[in-house]
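First the proteins, then the strands, lettered A, B, ... as listed; each starts at 1.
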There are 2 protein chains.
Amino acid sequence: MTPPQLPRTTSRINVIKALAHPSRLTIVEALQHGEQCVCDLRNLVGTDLSTVSKHLAILRSAGLLSMEKRGLKVFYRLSCPCFLDFLNCVDRMSSASSCSTAG
Amino acid sequence: MTPPQLPRTTSRINVIKALAHPSRLTIVEALQHGEQCVCDLRNLVGTDLSTVSKHLAILRSAGLLSMEKRGLKVFYRLSCPCFLDFLNCVDRMSSASSCSTAG
DNA sequence: TCTTTACTTGGCGATTTTGCCAAGTATTCT
DNA sequence: AGAATACTTGGCAAAATCGCCAAGTAAAGA
């Protein structure tokens, strides 16, 4: 079993884990350009509708997405505009050349 | 099985997944203040030494940490100075109040 | 009201991740 | 050389995650 962590670490993990799946990150990346309904996101990630729906629930419970039902469709959008900054940070870290050679 | 993603998404996932575990994030947070040997990190996270070592291998293969052996001890440090920015971004997203009320 | 559309939730097998123990490697000390 | 220290790797069981199918809910249309 995992030992206890600091509260701040726990809330950080909540966000990071939500983003740590290809389909979920793909969804979030797509929503940078504006809201989309679940059926569109389903076409994007290519898995079963129920699977997409569960991924969306995870992102929502992490506070990253908000939803709005209009007619039959449910639209999802980023609840945090600062998400682009986050991805820029990830990119800087994932490109080891610009990181490890810096020091 | 998960459908294919964009290459950039894949490399992002590589980094995010490495950070998506309490012990690993705790390790990385600790290394913000400077390098530490494995035995110190073991005391920090409180699990078996072999478990810590495997977590470190994951962080290393994601390009986030670099290691250096001096004597008997192995010291780990952040290979990317921009990591603090990353955590700031996570914190902004994890505090839903400062995000969703912004727009 | 009955049907259709769009989505969510329950459930379960399959895959992945995690953590401990045991064993192996490298370096230092005696 | 032999022992001790600091760590890594192999292996496996337990736990968590994932994705599909089936069933349920809500709104719109006939």
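L19(B) places its CG atom 12 Å from the P atom of dT18(C), with the value rounded to the nearest Å. Distance CD (E68(B)) to P (dA6(D)): 17 Å, rounded to an integer number of Å. The distance from atom CD1 of I27(A) to atom C1' of dG19(D) is 13 Å, rounded to the nearest whole Å. The nearest whole Å value for the distance from the CD1 atom in I58(B) to the C1' atom in dT17(C) is 8 Å. Q36(A) places its CD atom 16 Å from the C1' atom of dC7(C), with the value rounded to the nearest Å.
Contact check, H55(A) against dG19(D): a side-chain N or O comes under 4.0 Å of OP1 or OP2.
Looking only at distances, no side-chain donor or acceptor of S53(A) sits under 3.5 Å from a matching main-chain atom of L49(A). Between the S79(B) side chain and the S66(B) main chain, no donor and acceptor come within less than 3.5 Å of each other.
By the 6.0 Å and 45° rule, R70(A) stacks over the aromatic ring of F75(A).
Annotation for L31(A) and Y76(A): closest pair CD2-O, 3.4 Å, computed over non-hydrogen atoms.
A side-chain contact (heavy atoms from CB on, under 4.5 Å) with R24(A) is found for exactly one of V45(A), L59(A), L64(A), namely L59(A).
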Write down the protein N/O and nucleotide N/O pairs, taken from nucleotides 7-10 of chain D, whose separation is under 3.5 Å; answer none if there are no such pairs.
unit_1, atom_1, unit_2, atom_2, d
dC7(D), OP1, V38(B), N, 3.1
dC7(D), OP1, V74(B), N, 3.3
dC7(D), OP2, C39(B), N, 2.9
dT8(D), OP1, Y76(B), OH, 2.7
dT8(D), OP2, S53(B), OG, 2.5
dT8(D), O5', S53(B), OG, 3.0
dG10(D), O6, K54(B), NZ, 3.2

So which protein N/O to nucleotides 13-17 of chain D N/O distances come out below 3.5 Å?
unit_1, atom_1, unit_2, atom_2, d
dT17(D), OP1, K17(A), NZ, 2.9

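The hydrophobic clustering, which links ILVMFWY residues whose side-chain heavy atoms are closer than 4.5 Å, places M67(B) and F83(B) together.
Residues passing the side-chain hydrogen bond (donor to acceptor under 3.5 Å, both in side chains) test with Q32(A), sequence neighbours excluded: none.
A salt bridge between R8(B) and E29(A) is absent, with no side-chain N of the basic residue lying under 4.0 Å from a carboxylate O of the acidic one.
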